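First comes the structure, then the notes that go with it.
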2 protein chains.
Amino acid sequence: MDNSISKIQGAITRNSELFEELASLYKIFGDASRVKILCALTQSEMCVSEISAFLSISQSAVSHQLRILKTSNLVKTRRDGKNIIYSLTDEHIKTIIDCGMEHIAG
Amino acid sequence: MDNSISKIQGAITRNSELFEELASLYKIFGDASRVKILCALTQSEMCVSEISAFLSISQSAVSHQLRILKTSNLVKTRRDGKNIIYSLTDEHIKTIIDCGMEHIAG
DNA sequence: TAAACATATGAACAATTGCTCATATAAGCA
DNA sequence: TGCTTATATGAGCAATTGTTCATATGTTTA
């Protein structure tokens, strides 16, 4: 193995945890329901029943997905009466979606 | 559901296939071995045994992962004697990795 | 307070994933 | 031509995933 490749190996091996984290992030975007939810939330905050309605999947399934998104800090919530309103924690999430969309388009 | 949300619903429902495709793309990045391979290839083209060595995973496992990357057109190959040399199909892949890394760092 | 509505959660299950093992294919070399 | 090296591939398996179903929690309203 030549020297430049062993440098790459070193860099990646040393930062193995970082790549685990990166993979975990992408794994979350790797489901159509979740990425649709995230994309919708780039446009407007929404409550669970609204999300459930437009995705045509059950309230329970949406809640499970939202929990994943919340646990990984991609969305935050606030209560409004009976509803829980979900929104993105940061604008950077839109950048990630756009980045992937560009790849598909290109 | 208010009018602005039904517009979002429309946009997402109409482009459902696009989101499936987007999710499929991210799913590929959602594995630490694969994202390490892709990251390494942003620095230099490499053959299978080199990748296997630096990831410390078996040749067979690497081959399986490379097949996934090739099938989804993220990497391309050329033969050099006994070796098959893998490289990225396009520079945009680095952008996607950087984009995710920024999110983690931020 | 009781009924209705909105959301969350645990168990269970089928589908998918990423690996290993064994083996096939293909090129270089004695 | 046989032997070795490099890579690919199929079967099988354990682990993970995304859903459904049933039910729990929490809020509003009559």
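All of these numbers come straight from a predicted model, not from anything done at the bench.
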Do [X] and [Y] share a hydrophobic cluster (ILVMFWY, side-chain heavy atoms under 4.5 Å, transitive)?
| X | Y | answer |
| --- | --- | --- |
| A/L38 | B/L18 | yes |
| B/L66 | B/I84 | yes |
| A/I97 | B/I8 | yes |

Would you say [X] reaches [N]'s phosphate, i.e. side-chain N/O to OP1/OP2 under 4.0 Å?
| X | N | answer |
| --- | --- | --- |
| B/S49 | D/dT5 | no |
| B/N83 | D/dT5 | no |
| A/Y86 | C/dA6 | no |

Decide yes or no for [X] and [Y]: does some side-chain heavy atom of the first lie under 4.5 Å from some side-chain heavy atom of the second?
| X | Y | result |
| --- | --- | --- |
| A/Q43 | B/K7 | no |
| B/I85 | B/N83 | yes |
| B/M101 | A/L25 | no |
| A/L74 | A/F29 | yes |

Whole Å only: how far is the [atom1] atom of [X] from the [atom2] atom of [N]?
| X | N | atom1 | atom2 | value |
| --- | --- | --- | --- | --- |
| A/I84 | D/dT25 | CD1 | C1' | 11 Å |
| B/Y26 | C/dT17 | OH | P | 18 Å |
| B/I51 | D/dA8 | CD1 | P | 9 Å |
| B/M46 | D/dT7 | CE | P | 11 Å |
| A/K27 | D/dT16 | NZ | P | 9 Å |
| A/K82 | D/dA30 | NZ | C1' | 12 Å |

ask   = Does the side chain of B/S63 come under 3.5 Å of the side chain of B/Q59 through a donor N or O and an acceptor N or O?
value =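 Looking only at side-chain atoms, B/Q59 and B/S63 do form a donor-acceptor pair, the distance falling under 3.5 Å.
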key: Selected nucleotide, minimal atom distance to A/S60 side chain, candidates D/dG10, C/dC5, C/dT9   = C/dT9
Residue A/Q59, side-chain heavy atoms: nucleotide from D/dT19, C/dA8, D/dT7 that is nearest =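 Of all the options, the side chain of A/Q59 is nearest to C/dA8.
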request  = Could you list all the side chain to side chain donor-acceptor pair (under 3.5 Å) pairs where at least one residue sits in residues 14-23 of chain A, not counting sequence neighbours?
outcome  = A/S16-B/K36
DNA chain C contacts among residues 61-76 of chain A, heavy-atom distance under 4.0 Å =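 Under 4.0 Å from DNA chain C: A/S63, A/H64, A/R67.
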Which residue lies more 5' along DNA chain D, comparing A/I57 with A/R79 via nearest heavy atoms =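 Its nucleotide being nearer the 5' end, the pick is A/I57.
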message = Counting only heavy atoms and a strict 4.0 angstrom limit, can you tell me which residues of residues 29-44 of chain A come near DNA chain D?
response =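 Per residue number, the list reads A/D31, A/S33, A/R34.
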